[in-house]
S.K.: 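Attaching a single structure in structure tokens format; questions to follow.
Predicted, not measured: the structure shown is a model, and the values here were computed from it. Numbers restart at 1 for each chain; the letters A, B, ... are given by sequence-line order, proteins then strands.
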2 protein chains.
Amino acid sequence: MDNETITIYDVAREAGVSMATVSRVINRNQNVKEATRRKVLEVIERLDYRPNAVARGLASKKTTTVGVVIPDISNSYFASLARGIDDIASMYKYTIVIANSDDDADKEVQVVNTLLSKQVDGLVFLGHDLSDEIRSEFSRTRTPIVLSGTVDHENQLPSVNIDYRLATHEATVALAKNNQRIALVLGPMIDAINGKDRLAGYQEALSEHGLSFSEGLVFETKYSYKDGLKLADRVKSSGATAAVVADDEVAVGLLNGLINNGVAIPEDFEIITANNSEITEFTRPGLSSIKQPLYDLGAVAMRLLTKLMNKEAIDDQHVILPHDFVKRGSTK
Amino acid sequence: MDNETITIYDVAREAGVSMATVSRVINRNQNVKEATRRKVLEVIERLDYRPNAVARGLASKKTTTVGVVIPDISNSYFASLARGIDDIASMYKYTIVIANSDDDADKEVQVVNTLLSKQVDGLVFLGHDLSDEIRSEFSRTRTPIVLSGTVDHENQLPSVNIDYRLATHEATVALAKNNQRIALVLGPMIDAINGKDRLAGYQEALSEHGLSFSEGLVFETKYSYKDGLKLADRVKSSGATAAVVADDEVAVGLLNGLINNGVAIPEDFEIITANNSEITEFTRPGLSSIKQPLYDLGAVAMRLLTKLMNKEAIDDQHVILPHDFVKRGSTK
DNA sequence: TTGTAGGCGTTATCAT
DNA sequence: ATGATAACGCCTACAA
């Protein structure tokens with residue numbers, strides 16, 4: 001049909017200059033006389049010319065695109081991080097390619113590979129776990145990578161996190177005031193470093209308060225509302241009277257599940273959740289929560305990545321952001 | 001440093017064939033002898049060769065990438081749509097580039113332009129409004145575009161929606177049984193077609209039930225929990241005893257705001273919200289809701305887009321998905 | 001079945 | 001300040 005693809009050549013011809021000059025005005029190169037610059041811009045406008053980013057990417061080896069690997073974009077925790085990432089990215093003129101990993105190690109490897117094949121300038125990786133396969137994948141690419149909300153126990157990769165061990169410790173301590181049997185609800189992969197940190201903080205707090213650790217009080221679940229609901233029975237029959245939960249949606253499910261079973265919150269059961277995402281305010285009672293700087297977790301990671309991509313010197317590859325605690329109705 | 005970029009030439013040399021042959025095995029072209037195919041694959045594996053998608057994109061004029069324009073990825077409604085889009089996209093081997101538009105017409109135009117410059121093969125557009133600027137932008141590109149959850153009153157662009165007019169009509173009728181003064185809470189741009197449809201359905205229902213329309217009962221707000229909270233006072237003092245709300249997060253805010261003011265739900269005030277996203281179950285009482293097939297709205301749009309990109313014949317450019325109603329505690 | 005050569009639309013390096 | 005002219009890494013007729 002119509003082959004109306006208009007290129008830099010068309011602009012050059014129409015403006016009576018060489019394509020090199022057109023390229024210069026597009027790239028804001030100073031070495032262009034103001035007069036010719038104006039003319040070129042006029043032609044660009046008139047022809048509705050739009051530079052082909054793919055061709056630029058091939059020639060310059062830069063795509064101004066960063067990949068973001070996310071377990072589940074519809075989870076409020078990750079959505080908040082994504083927002084922080086996106087804002088900073090667009091501030092620095094980067095476009096974002098988002099890829100869902102579904103918390104699946106194989107899919108993580110796969111999406112990372114397609115992202116790399118698309119020549120992204122950098123990568124932000126969000127996940128719970130950092131599997132060996134993905135680590136090896138990361139190790140053999142020169143593309144800068146930053147972890148956000150994902151701990152790397154080998155401490156090889158740049159990362160932005162909070163101190164999960166400490167935060168979980170504090171939450172457990174808070175519950176230990178009124179409870180003897182405190183449950184810990186973790187994500188799908190307890191072995192995940194993130195989970196290990198939380199478990200460690202939990203256990204420390206228990207022993208400091210003379211409480212014994214029992215595996216029957218540690219629960220593993222997928223990160224979703226439904227799974228939280230389902231968990232209510234099991235948690236209840238474990239004899240626990242309080243719980244520290246690693247994910248807000250799970251916590252909401254647990255809360256509503258317990259209430260459905262006639263459990264009074266916080267009188268009969270106390271809950272502290274982990275992310276302080278907006279949904280902690282939706283419930284009745286509201287959910288007391290560790291307060292993570294979600295947006296910042298993403299934003300700082302992205303900022304760090306821009307420095308890496310720009311080969312700037314960076315003081316610390318491992319950023320720990322401060323956390324806080326917000327008391328709501330789910331604790332006494 | 002190390003210029004270890006390995007290309008199709010390296011593979012060709014190492015395998016003792018021409019680059020064309022390598023290209024063929026990469027692209028699963030049948031015209032390759034099984035033996036040479038194996039050898040090439042072996043070399044690809046050994047060299048850890050990864051095709052450069054940017055170069056492929058330039059040469060083939062296809063990027064296997066689709067752009068998705070979203071007002072706010074952290075809003076649960078859009079997050080659900082995004083999930084549907086992403087699933088179908090990856091099923092068809094497309095990668096997704098997400099761009100936040102913040103519900104801002106200028107930014108919409110801007111992100112659409114950068115998406116087009118990146119040579120996406122197609123575009124899924126989510127928004128409330130379809131501004132004239134964006135429409136003109138769309139009209140002068142040959143890149144296929146599908147609207148999802150976004151009505152185009154000119155009916156030019158392919159789209160996937162529910163019947164907002166009818167759904168709002170039904171919701172209003174349901175409330176008219178017990179209420180004389182029913183509020184309607186719409187998004188940031190009432191003029192948005194989407195909003196117009198809802199308004200029409202609302203007004204029809206009112207008149208059918210002999211209720212008079214009052215502008216004082218129509219509220220305009222941004223789509224967020226906080227704005228819903230803020231709205232509670234105004235809605236209360238308008239004398240309304242029920243409300244149809246166009247966004248779940250706003251509805252949750254309104255609900256909690258009213259409860260905070262001592263209003264009993266549903267005894268003193270009934271609420272019906274619009275999206276039936278997961279958060280409608282988080283609240284106490286739960287929110288009765290129009291039930292939109294959120295995931296499908298995205299999934300079907302993406303599927304439609306694949307057909308368009310593939311130049312397949314399509315029966316109907318304007319898909320209307322069925323909706324439903326879910327009764328929860330916020331209505332009598 | 002396999003190889004050769006000419007693009008794809010820019011950037012970037014030299015000259016001029 | 002401007003213009004040729006190679007790359008960039010791959011696809012794709014066209015030949016062989």
S.K.: Taking CD from B/Gln30 and P from C/dT1, how many angstroms apart are they, rounded to a whole number?
M.R.: 9 Å
S.K.: List for me each residue that meets side-chain contact (heavy atoms from CB on, under 4.5 Å) alongside A/Val111, sequence neighbours excluded, and say none if there are none.
M.R.: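 For A/Val111 the side-chain contact (heavy atoms from CB on, under 4.5 Å) partners, ignoring immediate neighbours, are A/Val69, A/Ala99, A/Lys107.
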S.K.: Mind checking salt bridge (Lys or Arg N to Asp or Glu O under 4.0 Å) for B/Asp296 and listing every partner two or more places apart, or none if nothing turns up?
M.R.: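 Not a single residue meets the salt bridge (Lys or Arg N to Asp or Glu O under 4.0 Å) criterion with B/Asp296.
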S.K.: D/dC8, C/dT10, C/dG3: which one has an atom nearest the side-chain heavy atoms of B/Ser18?
M.R.: C/dG3
S.K.: Whether A/Thr5 contacts C/dC8 is assessed here as follows: a side-chain N or O lying under 4.0 Å from the phosphate OP1 or OP2. Is that the case?
M.R.: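 No.
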S.K.: Just how far, in rounded Å, is P of D/dA1 from NZ of A/Lys39?
M.R.: 16 Å
S.K.: May I have the distance from B/Arg13 (atom CZ) to C/dT2 (atom P), rounded to whole angstrom?
M.R.: 19 Å
S.K.: Round to the nearest Å and state the distance from B/Lys61 atom NZ to C/dG7 atom C1'.
M.R.: 10 Å
S.K.: Has A/Thr21 got a side-chain N or O lying under 4.0 Å from the OP1 or OP2 atom of D/dA1?
M.R.: no
S.K.: Listed by chain and number, what are the side-chain contact (heavy atoms from CB on, under 4.5 Å) partners of A/Glu14, not counting sequence neighbours?
M.R.: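 A/Glu14 satisfies side-chain contact (heavy atoms from CB on, under 4.5 Å) with A/Val43, A/Arg46, A/Leu47 only.
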S.K.: So, are B/Lys222 and B/Asp102 salt-bridged, with charged N and O less than 4.0 Å apart?
M.R.: no
S.K.: Strictly below 4.0 Å, N to O, side chains only: are B/Glu34 and B/Arg38 in salt-bridge contact?
M.R.: yes
S.K.: Return no unless some side-chain N or O of B/Lys62 is found under 4.0 Å from OP1 or OP2 of C/dC8.
M.R.: no
S.K.: Using the side-chain heavy atoms of A/Val32, tell me which of these nucleotides is nearest: D/dC10, D/dT2, C/dG9.
M.R.: D/dT2
S.K.: Quantified as the angle between the terminal helix axes (five pairs each), what is the overall bend of the helix from C/dT1-D/dA16 to C/dT16-D/dA1 to 10 degrees?
M.R.: 30°
S.K.: State which residues pass salt bridge (Lys or Arg N to Asp or Glu O under 4.0 Å) with A/Asp315; sequence neighbours excluded, sorted by chain then number.
M.R.: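 For A/Asp315, no residue satisfies salt bridge (Lys or Arg N to Asp or Glu O under 4.0 Å) once neighbours in sequence are set aside.
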S.K.: Between A/Arg50 and B/Glu137, is the salt bridge (charged side-chain N to carboxylate O under 4.0 Å, His left out) condition met? List the steps.
M.R.: CA-CA 12 Å; A/Arg50 180 186 294 130; B/Glu137 210 67 46; 3.7 Å; yes
S.K.: Minimum heavy-atom separation for A/Lys62 to A/Asp121, with atom names?
M.R.: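 The answer is CA-OD1, 3.6 Å.
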S.K.: Check the distance between D/dT2's C1' and A/Lys33's NZ and give it to me in whole angstrom.
M.R.: 9 Å
S.K.: For the pair made of NZ in B/Lys118 and P in C/dT10, what is the distance, rounded to whole Å?
M.R.: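 Nearest whole value for this atom pair: 15 Å.
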S.K.: Return the value, rounded to whole Å, for the distance between atom CG of B/Leu58 and atom P of C/dG7.
M.R.: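 Roughly 14 Å, once rounded to whole Å.
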S.K.: Contact class for B/Asn31 vs. all strands (heavy atom < 4.0 Å): base, sugar-phosphate, or nothing?
M.R.: base
S.K.: So, does B/Thr7 get its side chain near the phosphate of D/dG9, meaning an N or O under 4.0 Å from OP1 or OP2?
M.R.: no
S.K.: Looking only at heavy atoms, which two atoms of A/Ile96 and A/Asp86 are closest? And how far apart?
M.R.: CD1-CA, 3.5 Å
S.K.: Have a look at B/Val17 and say if it touches a base, only the backbone sugar-phosphate, or nothing, with a 4.0 Å heavy-atom cut-off.
M.R.: sugar-phosphate
S.K.: State whether B/Asp152 and B/Arg135 are salt-bridged, where the test is any N-O pair (Lys NZ or Arg NE/NH1/NH2 against Asp/Glu carboxylate O) under 4.0 Å.
M.R.: yes
S.K.: Enumerate the protein-to-nucleotides 11-15 of chain D contacts in which both atoms are nitrogen or oxygen and the separation is below 3.5 Å.
M.R.:
residue : atom : partner : partner atom : Å
D/dC11  : OP1  : B/Asn27 : OD1          : 3.4
D/dC11  : OP1  : B/Asn27 : ND2          : 3.3
D/dC11  : OP1  : B/Arg56 : NE           : 3.0
D/dC11  : OP2  : B/Ser23 : OG           : 2.7

S.K.: Between C1' on C/dT2 and CZ on B/Arg38, what's the gap in Å once rounded to a whole number?
M.R.: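 These atoms are roughly 19 Å apart.
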